[in-house]
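Numbers restart at 1 for each chain; the letters A, B, ... are given by sequence-line order, proteins then strands. Everything numeric in this text was worked out from a predicted model, so none of it was measured.
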2 protein chains.
Amino acid sequence: MDSVDQKWSTAEREIMEATYRAMLEHGYPGLSISRIAEQFDKSKASIYYHYDSKDELLVSFLDFVVDQFKTNFAEEIDEDPSSALNTVIERLVPLQMNDEEFQGRIVLIELRSQATRNEAFREKFTEINELLVTSICEIIERGIEDGTFRDVEAARVAEHIVATVNGSTIDRVTTNREVAPAAVRLSLSSYIDSELKSCQ
Amino acid sequence: MDSVDQKWSTAEREIMEATYRAMLEHGYPGLSISRIAEQFDKSKASIYYHYDSKDELLVSFLDFVVDQFKTNFAEEIDEDPSSALNTVIERLVPLQMNDEEFQGRIVLIELRSQATRNEAFREKFTEINELLVTSICEIIERGIEDGTFRDVEAARVAEHIVATVNGSTIDRVTTNREVAPAAVRLSLSSYIDSELKSCQ
DNA sequence: GTCTATAATCTGATAGAC
DNA sequence: GTCTATCAGATTATAGAC
C-alpha cells in the first residue's frame with residue numbers, strides 16, 4: 001500500500017483523472033465511456049484494455065477519489081487535542097473553499113448518492129465515515145486523558161461532529177444558502193465548548 | 001395551493017408514482033422514459049402527451065417528491081417548545097424507520113445529488129433546508145420567550161440541528177453503520193440540553 | 001497498447017392512426 | 001388521450017489491424 005503512485009499505473013491514473021474531469025462536466029448520470037475518452041488523448045477502445053467494463057472502471061474510480069480524500073484528510077495534526085479538533089473541523093468545513101475543494105465535494109456527493117444502491121460503493125462510504133469518527137474519537141479521548149476535555153462519551157460526540165460536518169457539506173453543495181456553513185462552524189465551536197469543556 | 005390533489009391531474013399523479021417506483025428500482029442514473037412506462041399500464045408515448053420532455057418530467061417529479069416531504073413534515077406540532085423540538089427531531093431522525101420511509105430518503109438523496117448541477121433542483125433543496133431551519137428556529141424562539149430555553153442565537157442553533165439531522169440521514173442511507181443514527185439521536189438530545197437549557 | 005470500425009441495444013422524442 | 005411504429009443518435013462492448 002505505497003500511496004497513490006504504486007496503486008495505479010500511469011495509464012490507469014490518466015483514465016481516472018479523465019473520469020474525474022468528465023464527471024465534473026457531465027455529472028454521474030451523464031458519465032459515459034465516450035465522455036471519459038474525450039477528456040484525454042486516447043480512444044474509447046483503449047479504456048477497455050485497462051478495464052473490463054464500465055462498472056469495474058467506476059469502482060476503481062471511487063477507490064481513486066476516496067484515496068485522494070483520505071490523503072488530504074490524514075495530513076499531520078500532532079498538536080494538543082483542542083487545536084487538533086479545530087484543525088480537523090477547519091479541514092472538513094473550511095470557511096472559505098476554493099474551486100478545487102468545492103469540486104471534490106461535488107464528486108464525492110454524487111458518488112455517495114450511488115451508495116444507496118451499490119454495495120461496493122456503500123462499503124467505501126462506510127469506510128470514510130468510520131475513518132472520520134475514529135480519528136475524531138481518538139482526539140477527544142486524548143483530550144479526556146490529559147484533562148483538556150470533560151469525561152464525555154467520546155464516540156457519541158464524534159458521531160455528532162461527523163454528522164454535523166457531513167450535513168453542512170451537503171448543504172453547501174446542494175443549496176444556495178451561503179450563510180449556512182459559517183453558522184454551522186460557529187455552532188460547532190459552541191457545541192465543543194459546552195459539551196467538551198467544563199461548565200463555566 | 002389546495003394540496004396535492006389539485007396540483008396534479010390523475011394521469012400526472014399516476015406518472016409521478018410510476019416515476020417514483022422506477023427510480024427506486026433503477027436509481028436516478030437508470031431512470032428512463034421506458035422504465036417509467038414499465039411501472040404503469042400505459043405506453044411510453046402517452047408520457048409525452050403530459051410532459052414535453054424528460055427534463056420537464058423530472059422537475060415535476062422533484063416537485064411531487066418535495067411536496068410529499070413537506071406534507072409529512074408539517075403535521076401538527078402544537079405542544080410546548082421542548083416537546084415540539086423532540087417531535088421534529090423524532091420525525092427527521094426516527095429511531096426506527098420502515099421501508100417506505102427509508103425509500104423516501106433514498107429518493108430524496110439521489111435527487112439532491114443532482115442539485116449540484118441543476119439550478120431548478122438546487123432551488124428546491126434550498127427551499128427544503130430553509131423550511132426546516134425556519135420551523136426549528138420558531139420553536140426555539142417560542143421556548144426563549146416562555147423561559148423554557150436560554151437566550152441563545154436561535155438561527156445558529158437551528159442551523160446546527162438541521163445540519164446534524166441531514167448528516168445523520170445521509171449516513172443511514174449510504175453506509176452500513178447501523179449504530180450511527182441512534183448515537184446521533186442521543187447526542188442531539190444532549191446538545192439541546194446543554195445548549196438550550198440552563199447550565200446546571 | 002492503441003487504433004478504427006462495427007455490432008447490438010437503448011435513449012429521447014415524434015408521426016399519425018384511432 | 002393513448003396507441004404502434006419509427007427516427008436519429010448515444011450507449012456499452014468487441015473484433016481485428018497495427
Practice task
Let me see the working for B:Ile144 and B:Arg150 under side-chain contact (heavy atoms from CB on, under 4.5 Å), right down to the final yes or no.
Solution key: CA-CA 6 Å; B:Ile144 294 173; B:Arg150 279 166 46 198; over 6 Å; no
Practice task
Start with the C-alpha distance between A:Glu75 and A:Lys70, add both sets of side-chain angles, then the distance that settles salt bridge (charged side-chain N to carboxylate O under 4.0 Å, His left out), and finish with yes or no.
Solution key: CA-CA 9 Å; A:Glu75 273 170 26; A:Lys70 283 173 161 178; over 6 Å; no
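What separates CD of B:Glu14 from P of D:dG1 is a distance of 12 Å, to the nearest Å. When the P atom of C:dG1 is taken as reference, atom CZ of A:Phe40 falls 13 Å away, rounded to whole Å. Rounded to whole Å, the distance from CG on B:Asp41 to C1' on D:dT2 is 11 Å. If you measure from atom CD of B:Glu38 to atom C1' of C:dT11, you get 13 Å, rounded to the nearest angstrom. When the C1' atom of D:dT2 is taken as reference, atom CD of B:Glu12 falls 15 Å away, rounded to whole Å. Summarising the geometry, the separation between NZ on A:Lys44 and P on C:dT6 is reported as 13 Å, rounded to the nearest angstrom. The nearest whole Å value for the distance from the CD1 atom in B:Ile33 to the P atom in C:dT11 is 10 Å.
Checked for salt-bridge contact, A:Arg35 and A:Glu25 miss the test: no charged N lies under 4.0 Å from a carboxylate O.
Not one N or O on the side chain of A:Arg21 forms a donor-acceptor pair closer than 3.5 Å with the backbone of A:Phe40. The backbone N or O of A:Ser190 sits less than 3.5 Å from a side-chain atom of A:Ser194, completing a donor-acceptor pair. At least one donor-acceptor pair closer than 3.5 Å links the side chain of A:Arg185 to the backbone N or O of A:Val93. Looking at B:Ser46, its side chain never comes within 3.5 Å of a backbone N or O of B:Lys42 through a donor-acceptor pair.
Listed in residue order, the members of residues 47-63 of chain B having a heavy atom less than 4.0 Å from DNA chain D are B:Tyr49, B:His50.
Residue A:Ser43 is in base contact, counting any heavy-atom pair closer than 4.0 Å across all strands shown.
The phosphate of C:dC10 has neither OP1 nor OP2 within less than 4.0 Å of any side-chain N or O from B:Ser32.
Residue pairs meeting the salt bridge (charged side-chain N to carboxylate O under 4.0 Å, His left out) criterion with at least one member in residues 101-116 of chain B, sequence neighbours excluded, are A:Arg117-B:Glu110.
Ring geometry for A:Tyr191 versus B:His160: interplanar angle of 30 to 60°, hence tilted.
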N/O contacts under 3.5 Å, protein versus nucleotides 15-18 of chain C?
none

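Closest to the side chain of B:Arg35, from the set C:dC3, D:dT2, C:dT11, is C:dT11.
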